[in-house]
Amino acid sequence: MPWNGSGQFRRSNGTTNGPTTWAAAKAAARKIRTDDHDSHDEDLANGLENCVTRDGQNSPTASLPMNGQKHTGVANAAANTEYAAWGQTKTQITSQVGALENSLQPSQGTLTDGASIAWDLEENPVAEVTLGGNRTFAEPTNPVEGGIYILTAVQDATGGRAPTWDAIFDFGEEGTPALSSASNKADTLTFLYRNGRMNLIGIGKGFG
């Protein structure tokens, strides 16, 4: 093979070698022979075949050392088996760091008031909702086993709103707590998601 295993390509006609293959043959008084040309041309073909084509017709058979060089002009990855452009990677890192920061110190989100109140625990692990009537808290979505979730229920200007809770909410032996009834008062309930249940582990009532 013309490649020597260390990145050097060496021409040969089977008898003489290197950049002066044919001059060396002439100096040795060796006439031009078809078998020399066939050997030499096959040597070139083998060398070219061992290169990676730009249109992807062949593939590397070993790891490719980049010698400190970069791949440039790459497109964004679309599958896990593709490497990403740095801009795409940086965007993903920023997004994941933001999500991690939110999970470690989440900001409070606001739930939409309605007859049935939905709570996405992944999007809003800490949430607040103002009750505009006697509402039902539906089964929350995207819980994580062992997750801690905080809900603040605020009475509207009328007050006296009494919510009901989906069966997934478990209030233990003490039962469903009665929320503050005065207008604009807020109660904060803390839940632990365990064994498929939203277990109430604490409540603070009557905040302004």
Side-chain angles (χ1 to χ4, degrees), residues 1-12 17-21 40-114 116-130 137-152 154 166 168 188-199 201-202:
M1 288 292 292
W3 292 100
N4 68 355
S6 298
Q8 295 178 327
F9 183 94
R10 190 183 188 199
R11 291 166 48 210
S12 174
N17 307 291
T20 59
T21 294
H40 178 265
D41 293 349
E42 184 64 18
D43 211 38
L44 294 176
N46 287 337
L48 291 171
E49 189 175 313
N50 200 44
C51 297
V52 178
T53 61
R54 67 180 184 180
D55 63 357
Q57 289 188 55
N58 61 0
S59 301
T61 56
S63 297
L64 300 178
M66 292 303 297
N67 194 33
Q69 302 303 310
K70 300 182 287 287
H71 285 290
T72 61
V74 298
N76 286 342
N80 290 338
T81 55
E82 301 171 353
Y83 61 76
W86 169 240
Q88 182 186 24
T89 302
K90 184 167 61 175
T91 298
Q92 289 297 320
I93 291 173
T94 300
S95 173
Q96 293 302 317
V97 167
L100 179 60
E101 289 176 343
N102 188 55
S103 66
L104 294 175
Q105 189 174 356
S107 59
Q108 180 171 275
T110 301
L111 305 184
T112 301
D113 181 47
S116 178
I117 298 174
W119 186 10
D120 185 333
L121 300 175
E122 181 179 34
E123 183 177 351
N124 293 308
V126 178
E128 178 177 309
V129 62
T130 298
F137 283 95
E139 179 178 353
T141 56
N142 300 314
V144 174
E145 185 72 15
I148 300 293
Y149 304 102
I150 301 173
L151 173 67
T152 298
V154 184
D166 183 88
I168 194 174
T188 298
L189 302 89
T190 302
F191 297 92
L192 167 68
Y193 186 77
R194 176 178 175 274
N195 295 335
R197 309 283 288 178
M198 291 283 285
N199 295 330
I201 58 174

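Note that the OG atom of S12 and the CD atom of E42 stand 12.0 Å from one another [nearest 0.5 Å]. In this structure, Y149 OH and N199 CG are separated by 12.5 Å, a value rounded to the nearest 0.5 Å. The CD atom of Q88 sits 11.0 Å away from the CD1 atom of I93 when rounded to the nearest 0.5 Å. We find the OG1-CG distance between T21 and D43 to be 8.0 Å, quoted to the nearest 0.5 Å.
Sorted by first and then second residue, the pairs that involve residues 40-66 and meet ring pair (Phe, Tyr, Trp, His ring centres under 6.0 Å), not counting sequence neighbours, are W22-H40. Judged as a ring pair (Phe, Tyr, Trp, His ring centres under 6.0 Å), not a single pair has a partner in residues 47-67 (not counting sequence neighbours).
Residues V154 and E128 form a side-chain contact, since some pair of their non-hydrogen atoms from C-beta on lies under 4.5 Å apart. Side-chain contact check for V129 versus T110: every heavy-atom pair is 4.5 Å or farther apart. Contact of the T190 side chain with the L151 side chain is not registered, since no non-hydrogen atoms from C-beta on lie closer than 4.5 Å. At a threshold of 4.5 Å between non-hydrogen side-chain atoms, the residues Q108 and T152 count as touching. Side-chain contact between L192 and M198 is absent, with no heavy atoms from C-beta onward closer than 4.5 Å.
With hydrogens and angles disregarded, a donor-acceptor distance shorter than 3.5 Å links the side chain of D166 to the backbone of I168. W119 contributes no side-chain N or O that, together with a main-chain N or O of P125, makes up a donor-acceptor pair within less than 3.5 Å. With hydrogens and angles disregarded, a donor-acceptor distance shorter than 3.5 Å links the side chain of N58 to the backbone of T53. Remark: the backbone N or O of N46 is not paired with any side-chain donor or acceptor of N50 at under 3.5 angstrom.
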Does the side-chain contact (heavy atoms from CB on, under 4.5 Å) test come out yes or no for T188 and I150, once each step is laid out?
-> CA-CA 7 Å; T188 298; I150 301 173; 3.5 Å; yes

Evaluation steps, side-chain contact (heavy atoms from CB on, under 4.5 Å), between E123 and T141 | CA-CA 9 Å; E123 183 177 351; T141 56; over 6 Å; no

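More than 12 heavy-atom neighbours from other residues, nucleotides or ligands sit within 6.0 angstrom of CD on E82.
With sequence neighbours excluded, the residues that form a salt bridge (Lys or Arg N to Asp or Glu O under 4.0 Å) with R197 are D170. Remark: F137 pairs with W165 by the ring pair (Phe, Tyr, Trp, His ring centres under 6.0 Å) rule, at least two apart or across chains. Remark: D120 pairs with no residue by the salt bridge (Lys or Arg N to Asp or Glu O under 4.0 Å) rule, at least two apart or across chains.
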Validation: residues 59-80 side-chain donor-acceptor distances under 3.5 Å, sequence neighbours left out:
none

